[in-house]
Amino acid sequence: MTDAAERKMRFLYALRSRGVTDPAVLSAMERIDRGLFVKGLFAERAYEDTPLPIACGQTISQPSVVGLMTQALNVGPRDKVLEIGTGSGYQAAILSQLARRVYTVERHRRLVREAQEVFDALDLTNITAIVADGSRGLPEQAPFDRIIVTAAAEDPPGPLLAQLREGGIMVLPVGQSDAVQSLIRVTRTASGYDYEELRPVRFVPLVEGLGQD
Ligand code: SAH
């Protein structure tokens, strides 16, 4: 077996052993090479199940957390998905394999530019990456079938709850930004919202306003 094939096999094995079992999610994660989303010194660690630093003091999430969040989101081929926190673009690229269209919002211009370069190189034409404050959601494209937030707020932001379609699902970390947070799944019903706690996680904070770079 080549080094690359063996690396991929180990990567997928680690995902499965941490509970990522949905075949569609695993196949998306097999197709999208995480190595393209990690730059410089850390690139050689792209296939480890660990978060890594990216530009603007942010992080690309741990692959098993990306897998578990994607699985919890239960995305279908007709879904319009909103992601808050583009970061490296890795999570958006995985979602692009499962959804009809992905809107991803990031407060740092530089991260959107770099993620867009990778989307172009992979010809992922169903992703729209936007520089904006994602705590307000993306009202002009609402409502969404699915919303995923990859930065932690103390509570689910009101505008995001409002932009979720009835029957829609949102997955997000909530809690104090400097502590361990809780990954929760919110389902919008005819009469309100159902909340379910999934697991402890640690994410960078959701920050209001645009970044400096
Ligand atoms: N999903 C990313 C991980 C992102 S880390 C990936 O796959 O690599 C969280 C990201 O959320 C950071 O890039 C941070 O800049 C961004 N972020 C934080 N607050 C935000 C806000 N209010 N609006 C948009 N993006 C935000």
Side-chain angles (χ1 to χ4, degrees), residues 15 20 25 28-29 32-40 42-43 45-73 75 81-99 102-119 122 124 127-139 141 144 146-160 163 170-178 181 183 201-213:
L15 291 173
V20 184
V25 175
M29 294 186 78
I32 300 291
D33 182 356
R34 188 172 184 249
L36 299 173
F37 297 86
V38 184
K39 315 259 187 275
F42 292 99
R45 299 184 58 194
Y47 308 98
E48 294 175 23
D49 191 28
T50 181
L52 292 169
I54 56 173
C56 306
Q58 305 302 315
T59 53
I60 177 172
S61 311
Q62 188 175 346
S64 58
V65 171
V66 171
L68 290 168
M69 286 177 80
T70 308
Q71 190 166 281
L73 204 58
V75 181
V81 181
L82 173 65
E83 179 194 27
I84 305 303
T86 312
S88 68
Y90 180 61
Q91 172 76 72
I94 302 294
L95 291 167
S96 78
Q97 304 294 295
L98 304 164
V102 179
Y103 292 91
T104 181
V105 177
E106 167 60 55
R107 63 189 289 277
H108 287 289
R109 220 168 280 284
R110 172 174 172 192
L111 292 175
V112 169
R113 192 174 61 235
E114 292 183 358
Q116 186 66 57
E117 283 170 12
V118 186
F119 300 154
L122 295 176
L124 304 178
I127 306 178
T128 306
I130 298 160
V131 182
D133 176 1
S135 59
R136 298 155 183 246
L138 195 61
Q141 296 296 341
F144 297 95
R146 300 288 183 267
I147 301 179
I148 180 169
V149 188
T150 62
E154 286 198 20
D155 297 297
L160 297 182
Q163 289 170 31
M170 169 155 69
V171 172
L172 76 164
V174 290
Q176 303 283 333
S177 61
D178 54 353
Q181 306 124 7
L183 187 66
V201 282
R202 180 163 255 173
F203 275 87
V204 298
L206 188 74
V207 180
E208 290 190 8
L210 289 186
Q212 297 299 310
D213 45 0

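These numbers come from the heavy atoms of this one structure, side chains and all, not from hydrogens, waters or symmetry mates. Each ligand, and each atom within it, is numbered from 1 in the order the structure gives.
Residues passing the ring-ring contact (aromatic ring centres under 6.0 Å, His included) test with Y90, sequence neighbours excluded: F37.
Each of the atoms 6 (C), 7 (O), 8 (O) of ligand 1 lies under 4.0 Å from some heavy atom of S88. The S135 neighbourhood of ligand 1 comprises atoms 22 (N), with distances under 4.0 Å to a heavy atom of that residue. Every atom of ligand 1 is numbered from 1 in the order shown, and the set under 4.0 Å from a heavy atom of V204 is 5 (S), 9 (C). In the vicinity of A132, heavy-atom distances shorter than 4.0 Å reach the ligand 1 atoms 23 (N), 24 (C). Close approach to E106 involves these atoms of ligand 1, each under 4.0 Å from a residue heavy atom: 10 (C), 11 (O), 12 (C), 13 (O), 14 (C), 15 (O), 16 (C), 24 (C), 25 (N). Heavy-atom contacts of L111 reach the following atoms of ligand 1: 13 (O) (cutoff under 4.0 Å).
Not a single heavy atom of G209 sits under 4.0 Å from any atom of ligand 1.
Every N/O-N/O distance between I60 and ligand 1 stays at or above 3.5 Å. The distance criterion of under 3.5 Å between nitrogen or oxygen atoms is met by V207 with respect to ligand 1. Residue E208 has no nitrogen or oxygen atom sitting less than 3.5 Å from a nitrogen or oxygen atom of ligand 1, judged on distance alone.
Partner of T70 under the side chain to side chain contact (heavy atoms under 4.5 Å, CB included) criterion, out of Q97, R146, Q91: Q91 alone.
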Show every donor-acceptor pair shorter than 3.5 Å between a side-chain atom in residues 52-61 and any protein atom, with sequence neighbours excluded, or say none if there are none.
from, atom 1, to, atom 2, distance (Å)
Q58, NE2, C56, O, 3.0

